[in-house]
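A, B, ... follow the sequence lines: proteins, then strands. Residue 1 opens every chain.
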2 protein chains.
Amino acid sequence: MNTKEKIVAAALEVYNREGIRTVTTRQIAQEMGISAGNLHYHFKHTEDIIFTIFEELQRDYDEMVVLFDQKDATFQELLQEFTEGSYLLINKYKFIFANFVEICTWIPAIGDAYRTLVARREERFISLFEHYSKLGMFRQDIPIAILKGFVRQIFIISDFWYSSFAVLGGRFESDALEDYRQTIEVAFYPYLI
Amino acid sequence: MNTKEKIVAAALEVYNREGIRTVTTRQIAQEMGISAGNLHYHFKHTEDIIFTIFEELQRDYDEMVVLFDQKDATFQELLQEFTEGSYLLINKYKFIFANFVEICTWIPAIGDAYRTLVARREERFISLFEHYSKLGMFRQDIPIAILKGFVRQIFIISDFWYSSFAVLGGRFESDALEDYRQTIEVAFYPYLI
DNA sequence: ACAAAATTAGAACAATTGTTCTAATTTTGT
DNA sequence: ACAAAATTAGAACAATTGTTCTAATTTTGT
């Protein structure tokens, strides 16, 4: 792991632990035992570090999404994979989810990338639902407008569940996964057969 | 309106417009034409301003919630009132919803107050659902565990809808209300009769 | 009307922050 | 082996920030 990668790893850890409000580049450098000057030799601006972390998140996400292509899985299996996969992502990049609005306005490139991602994600979900409708595992009587709204709803829940969990004072990791799993499950509950 | 109230009003406006990251007490003071020294005479710490705004939000919320007590309304009417009322709140205090995690960790008293509010809100919703179940306007076959999960879901959506709307690049206010209304409606869709 | 209290502006302070500069050291390619 | 390029530490810079201090002005209560 070269210095650049070490900086990214250290930044991710410190941001996750303390949030973006109080953490400084000096602190990140200090925690990993290099000078602040050195850190800024590798990343001219703090934004560049965060953007690099976001790119990592995107790569992780793409890897996870590949798993959805096993079209022979039952809907329940798929749902479980989605839940576990997205939880891992949310947990790994906590601070991004917890400060998403601020980060997106601070670093517009991240907002743009997110919007592109959402568009792709939306289509994928709709087509999955249609697929599983035909297999009789997902309700067929849902109007398309509602279905789109439901997808939106799932995204709000999965993208901001951690924010909610955090403000509700959630701490322990075991609680966290269970809470997330249940929230997603309940959202799907009325749509499954 | 005395200076203290003016500061609160100005802070709310500036925070809503620019977020909490870049706004300084100096800027707030300048925009309202008073000195920074004067501002800090009225509010020793920036946190005190934000906490005061949060107290205002709580008062507004309590006022809104009173409207729910007309037990002769149909569920549809109640839902519409909830949607419009909560939208007004979210819109008025945008910046709090957009930076909720950060604010709650920065100012623990706000986190505490929120958690108390949530507990009250939860009970109220459950009892409303039970009431309307008996009247045949809300599904009766929902297990209590799911019902609680559903309430949680509604809270995530209403508390973080604005965050989602903001990162998706939403701007125009007319779009905003329509988007919020639809999201809430879709969430209730499978539970109504 | 006038003393005490409240309010205000503006200078000043002290700490912090992201970033740059400089000079030394290390690594790399040939 | 050695010149060029990359990396590093630490000092330095420039700007900013929340907050305090001081002295003047205004308001309030009697």
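Salt-bridge annotation for A:Asp48 and A:Lys4: absent, with no side-chain N of the basic residue lying under 4.0 Å from a carboxylate O of the acidic one. Salt bridge status for A:Arg115 with A:Asp112: present, with a side-chain N to carboxylate O gap under 4.0 Å. Between B:Glu13 and B:Arg17, at least one side-chain nitrogen of the basic residue sits less than 4.0 Å from a carboxylate oxygen of the acidic one, meeting the salt-bridge criterion.
Aromatic ring centres of A:Phe97 and A:Tyr162: separated by at least 6.0 Å.
In this model, the phosphate group of D:dT20 is approached by a side-chain N or O of B:Lys44 to a distance below 4.0 Å at OP1 or OP2. Taking 4.0 angstrom as the limit, A:Thr46 places a side-chain polar atom (N or O) nearer than this to OP1 or OP2 of C:dT19. The shortest distance between the side-chain N/O atoms of A:His45 and the OP1/OP2 oxygens of C:dG18 is not below 4.0 Å.
Rounded to an integer number of Å, the gap from A:Ile20 CD1 to C:dT17 P is 14 Å. Distance B:Arg21 CZ to C:dT17 C1': 12 Å, rounded to the nearest Å. If you measure from atom CG of B:Asp48 to atom P of D:dT20, you get 11 Å, rounded to the nearest angstrom. As a whole-Å value, the separation of B:Ile7 CD1 from D:dT19 P is 13 Å. Between B:His40 atom NE2 and D:dT22 atom C1' there is a gap of 17 Å when expressed in whole angstrom units. Whole-Å rounding puts the A:Leu39 CG to C:dT19 P distance at 10 Å.
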Per-nucleotide protein contact string for nucleotides 4-12 of chain D (B base, S sugar-phosphate only, - none; heavy atom under 4.0 Å): --SBBBB-B
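A:Glu178 CD: more than 12 foreign heavy atoms inside a 6.0 Å radius.
Put simply, the side chain of B:Met137 does not reach to within 4.5 Å of the side chain of B:Leu78, judged on heavy atoms.
Among the candidates B:Tyr189, B:Phe188, B:Phe155, B:Phe125, the single residue satisfying the ring-ring contact (aromatic ring centres under 6.0 Å, His included) test with B:Phe150 is B:Phe188.
In terms of the salt bridge (charged side-chain N to carboxylate O under 4.0 Å, His left out) criterion, residue partners of B:Lys92 (sequence neighbours excluded) are, by chain and number, B:Glu56, B:Asp60. Evaluation of the salt bridge (charged side-chain N to carboxylate O under 4.0 Å, His left out) rule for A:Arg26 yields no partner, not counting sequence neighbours.
Less than 4.0 Å separates DNA chain C from no heavy atom of any residue of residues 8-18 of chain B.
Counting only residues at least two apart or on different chains, no ring pair (Phe, Tyr, Trp, His ring centres under 6.0 Å) pair has a member in residues 42-67 of chain A.
Rounded to 10°, the angle separating the first-five-pair axis and the last-five-pair axis of the helix from C:dA1-D:dT30 to C:dT30-D:dA1 equals 30°.
Note that the CG atom of A:Leu117 and the CG atom of A:Asp159 stand 8.5 Å from one another [nearest 0.5 Å].
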